[in-house]
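Have a look at the structure below before the remarks.
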Amino acid sequence: MKPEDYDLDVDVAWCPGCGNFSILRALKMALAELDIPPERLVLVSGIGQAGKLPQYLKCNYFNGLHGRSLPAAVAIKAVNPELTVIDVSGDGCMYGEGGNHFIHNIRRNPDITNIVHNNMVYGLTKGQASPTSQPGFRTPVQVHGVFEEPFNPLAVAISLGATFVARAFAGDIERTRDILVEAIRHHGYALVDIFQPCVTFNRVNTFQWFRENTYYTDHDTSDRTLAFEKSLEGYGSGKFPLGVIYRADGGATFEENLSIYSDDKTPLWKRRHDPGKLKTLLESKMML
Amino acid sequence: MKEVKDDVALVLCGEAGQGIQTVEALLIRAFSATGYHIFSSKEYMSRVRGGENSTLIRVSSGPVRAFVDRIDVLFALSPGAVDHLRERINGTLIIADESFGEEDAVGLPILEEAEKLGGRIFANVVAAGAAARLFRVEESVFDDAVRALFERKGPEILDADLRAGRKGYELGEELKEHLKVSVEPDPSVRKHVILNGTEAVGLGCIAGGCRFMSSYPMTPSSPLQIFIAENADEFDMVFEQAEDEIAAINMCLGASYAGARSLVATSGSGFALMEEAVGLAGMIETPVVIYIGQRPGPAVGLPTRTAQEDLNLALYSGPGEFARAIFAPGKLEDAPEIAAHAFNLADRYQIPVFILSDQYLADLYYNLPEPEISVEPEYHIIETDASYRRFRFTEDGISPRGIPGYGSGLVRVDSDEHDEDGFITEDLDVRRRMVEKRNLRLQMLRDDALPPEVWGDDSSAVICWGSTYWPVREAIESSDAEVTMVHFSQVYPLAPDTRELLESFDVTAVVENNYRGQFADLLKLEAGFEVDHRLNRYNGMPFSVEEIRKFIGEVFA
């Protein structure tokens, strides 16, 4: 497939210069490289500017509620494991409103890819702090500046047992594509947190700021303790590492653990009900 | 000597942790196997140990289906039991453990014998044995019931419980001089099934083709979650315990989008968390069946008690306007078919469909002839082609439903207002047409609505819905008043000729387990019919036959 095979002729509602354009481009390149046909692909998203991405890519999509994309995604994959399921959300959607689902879906380990556009601000609601906003960040509602610790998605994911944890930067399309290819290929839950400047509402964390405050790491990604240490960099001191932070064997996925698939791989939706078995169940309630 | 005939109300009361539910399970098996018609209903406190819990078991020569206040025989297994049930004690034979020093009771050394057998844990089976003896259940029949319940716990525990049962029989011998029970066995009962309200609905969910259930535990919906989970392997279903109610219903919508019929079960305040996703189901026209085991609210309310308070919550849940249907099965005889029908309807109209149960219905048992489940799952999913449009405008407002991965089309659904392809739109004309599309099917739902069941042909009517079916019917049967019962098992939308039907009665009353009279109000709103009288109960207990009979006497005599 070619990246253009995923193109759609639609009006894109993102601001000119938005980091999301690069993520969309990188995702199309990754999907083309992996040869995933649009009709086998489901993008699942929540609400926010990142949540609109599926609208701009030729695929099946489920654009649901704010923060609730992961529950839908894990179920879609469970009902039809033959589909490639990718969740695309923003930092507010995934780490704020959807924080509980973020935690528990890492524990479930569905074979889905979780892409989070992380611009450290709420764009669609016009500039409030997000869970990843940096301390001191001033907004119309955080009038004295953010004083909470920023949410650290990589450290959380690694601590919960995620087996593919990466961070990309939308300013580097080629490397972002490579990371996405590896994430989608990964067997099991894969998190890709993508730094993505909001050109309208975040005047602090700009393209330039991300370039100056990040670096590509080349540590041993199979070392979980080292990966955890890496995930802490950039919070308070040093630069944020980019690239794959942690990678291990994905183990059994959520779908593989479902007993319905233990001897029969037929997707759940294709299966039909056997009235004879129901009769047996009813008869087990008889007093004989 | 007290004498009770034909229809005996036996109550066993003890603390949580004493195994009152085990007593109930043992006795309803043993009584049914003997050929008695049985009904049981439990009430319990929201705690793991202590408190006072009781189970009412009606043992009868003919069918019995409803809760009564009356207690003919009470087994008190805890010191507080008699006080707990004080209001219902009237001419009751009380059998209490000797150690409680209960003055008006026949004392039995239940706890002492249990200690001798290895611990107080056996008191429940000793008491059950004594009760079984009192009702002339053959020892071998009781032993079989013990085996059925304890076999899986291993031979040691089974043996100890069999011995406990025998000891109960010995103690039961002593009760003969205080009580004469005569209930005639009915041979046809042995071909009956014993079901509770949860199982009746659960069987219907399976018959309706349920494939996916995700839920968060909450009384009294947890039993349905357990029922589906324990039958999931056999019937190709997935059960997943979600991290919260919000995840549960969003998972169901994802599963349904991917092609699996989905079910979520919860109770009032759990459902309150799901409301946004009910709107999502409406917006993306994706079927889902939502089971609400009602209990008293607001907020956490009385977690283990019963109510019919969430009709309005279901009716008005979710932002915006879209079609939905609400069922409230009232009896085990047709609950399976109604539940199966709910799945078909959700699929046919691509809407959320509700099944309203409550603690009373979910937990009650009775024996009945095996219910017919003649509803066959109808499947409406189509194979798509490249020109597929998920929300295509059609005459009846229903677009053919594709799912991802089946055919060459793309299936796009969006919680924002969208065009026929599922793309976000702010085109106000498309918006208007989509609103009409989502509401158009309401008329078809109305035409498809299950008509109320009319029992009797008198000029006045008692109207009820959901779990009050049998209490109302037995109250009418046992009263002198000439009155018809009109029971709604579909409460929204109402069948088109509801108004005409209700206007044919001279005097009407609605009986429901809430303060406001939510269904009586709905009749006014939907059918333009104002009832004359309302009987409302909202203390957390179900209606008893006696209470409804008294009301009928006052209103219709």
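Note on naming: letters A, B, ... go to the chains in the order of the sequence lines (proteins, then strands), and numbering restarts at 1 for each one.
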Taking atom CZ as the centre, does B:R152 end up with more than 12 heavy-atom neighbours from other residues, nucleotides or ligands that are less than 6.0 angstrom away?
no
Could you tell me which of A:L83, A:I47, A:N80 has the largest number of non-hydrogen atom pairs under 4.5 Å with chain B?
A:L83
Using a strict cut-off of less than 4.0 Å between a Lys/Arg side-chain nitrogen and an Asp/Glu carboxylate oxygen, indicate whether A:R108 and B:E240 qualify as a salt bridge.
yes
Ignoring hydrogens, what is the shortest heavy-atom contact between A:L8 and B:R412? Give both atom names and the distance.
CD2-NH2, 3.9 Å
B:E243, B:M251, B:E376, B:M283: which one forms the most heavy-atom pairs within less than 4.5 Å of chain A?
B:E243
Would you say the side chain of B:F423 lies within less than 4.5 Å of the side chain of A:D11, judging by non-hydrogen atoms?
no
For chain B, which candidate among A:N60, A:V44, A:V79 shows the most heavy-atom pairs at distances under 4.5 Å?
A:N60
Identify the heavy atoms of A:R272 and B:R211 that sit nearest to each other, and give their distance.
C-NH2, 3.2 Å
Assess whether side-chain contact (heavy atoms from CB on, under 4.5 Å) is satisfied between A:K58 and B:L410, documenting all intermediate values.
CA-CA 8 Å; A:K58 191 182 279 178; B:L410 296 175; 3.5 Å; yes
Minimum side-chain heavy-atom gap B:I284-A:F62 below 4.5 Å
yes
Out of B:Y379, B:F239, B:F212, which one racks up the most heavy-atom pairs below 4.5 Å with chain A?
B:Y379
Which answer fits B:M237, side chain, backbone, both or neither, if we ask what part of it has an atom under 4.5 Å from a heavy atom of chain A?
backbone
Keeping A:K277 on the side-chain end and B:E234 on the backbone end, is there a donor-acceptor pair under 3.5 Å?
yes
If you tally heavy-atom pairs under 4.5 Å between each of A:L70, A:N100, A:T280 and chain B, the highest tally belongs to A:N100
Largest heavy-atom contact set with chain A, pairs under 4.5 Å, which of B:A258, B:A260, B:G407, B:S214:
B:A258
A:I76, A:I103, A:V74: which one forms the most heavy-atom pairs within less than 4.5 Å of chain B?
A:I76
Inspect the surroundings of CZ in A:R40 and state if more than 12 heavy atoms from other residues, nucleotides or ligands are less than 6.0 Å away.
yes
What part of B:I206 gets within 4.5 angstrom of chain A, counting heavy atoms only: side chain, backbone, both, or neither?
both
Please state whether the side chain, the backbone, both or neither of B:I403 comes within less than 4.5 Å of a heavy atom of chain A.
side chain
Got more than 12 heavy atoms from elsewhere within 6.0 Å of OH, B:Y216?
no
Pairs of heavy atoms under 4.5 Å with chain A: top-ranked of B:G254, B:G422, B:A255:
B:G254
Proximal component of B:A277, with respect to chain A [non-hydrogen, under 4.5 Å]
both
Sort B:P371 into side chain, backbone, both or neither according to what part of it lies under 4.5 angstrom from a heavy atom of chain A.
both
Heavy-atom side-chain proximity of B:D414 to A:Q55 below 4.5 angstrom:
yes
Does atom CD of B:E426 have more than 12 heavy-atom neighbours from other groups under 6.0 Å away?
no
Tell me, out of A:H101, A:E39, A:E82, A:K279, who's got the most heavy-atom pairs with chain B below 4.5 Å.
A:H101
If one checks every heavy atom of B:D144 against chain A at 4.5 Å, the contacting part turns out to be neither
Checking A:K270 against chain B: side chain, backbone, both or neither under 4.5 Å from a heavy atom?
neither
Check whether any side-chain N or O of A:R68 sits under 3.5 Å from a backbone N or O of B:A247 as a donor-acceptor pair, and report yes or no.
no
Looking only at heavy atoms and a cut-off of under 4.5 Å, which of B:I249, B:I381, B:D244 has the most pairs with chain A?
B:D244
Please report the interatomic distance CG(B:N250) to CG(A:L65), rounded to the nearest 0.5 Å.
5.0 Å
Taking every heavy-atom pair that is under 4.5 Å apart, which of B:H418, B:E370, B:R390 has the most such pairs with chain A?
B:E370
For B:P404, which atoms come within 4.5 Å of any heavy atom of chain A: side chain, backbone, both, or neither?
both
Working to the nearest 0.5 Å, report the span between CG of A:L282 and CD1 of B:I373.
5.0 Å
